[in-house]
Amino acid sequence: MRFGRKPQGKPGEWYYCVQHHKVEEGPECPARDRLGPYGSRADAEHALQTAAERNEEWDTDPRWHDRPEERGA
């Protein structure tokens, strides 16, 4: 028997499990392994693409270039 916290979430919320590489409705896997919640299954299916796009936006945002080599220091 495994002790610990149960995954939290609600049925009707969609998640993408990065450990199992699958879309889930409600709490199946632990929160540390999920992206979401998303409003629809389709949004959850594109979770990795959405994360990659957001990372690219943040990486190219001039307000977030705080590394010394990028500041000209």
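Sequence positions, counted from 1, serve as the residue numbers for this chain.
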Please report, to 0.1 Å, the donor-acceptor pairs under 3.5 Å made by any side chain of residues 17-24, with sequence neighbours excluded.
from: K22; atom 1: NZ; to: E28; atom 2: OE1; distance (Å): 3.2
from: E24; atom 1: OE1; to: C29; atom 2: N; distance (Å): 3.3

Any donor and acceptor pair, going by atom type alone, linking the side chain of E25 with main-chain N or O of G12 inside 3.5 Å? yes
Show the nearest heavy-atom pair for residues A44 and Y15, with the distance to one decimal. CB-O, 3.8 Å
Might you point out which heavy atoms bring Y16 and A47 nearest each other, and give the distance in Å? CB-CB, 3.6 Å
Pairs flagged by side chain to side chain donor-acceptor pair (under 3.5 Å) wherever residues 40-53 is involved - sequence neighbours left out: S40-D43, R41-E45, Q49-E53
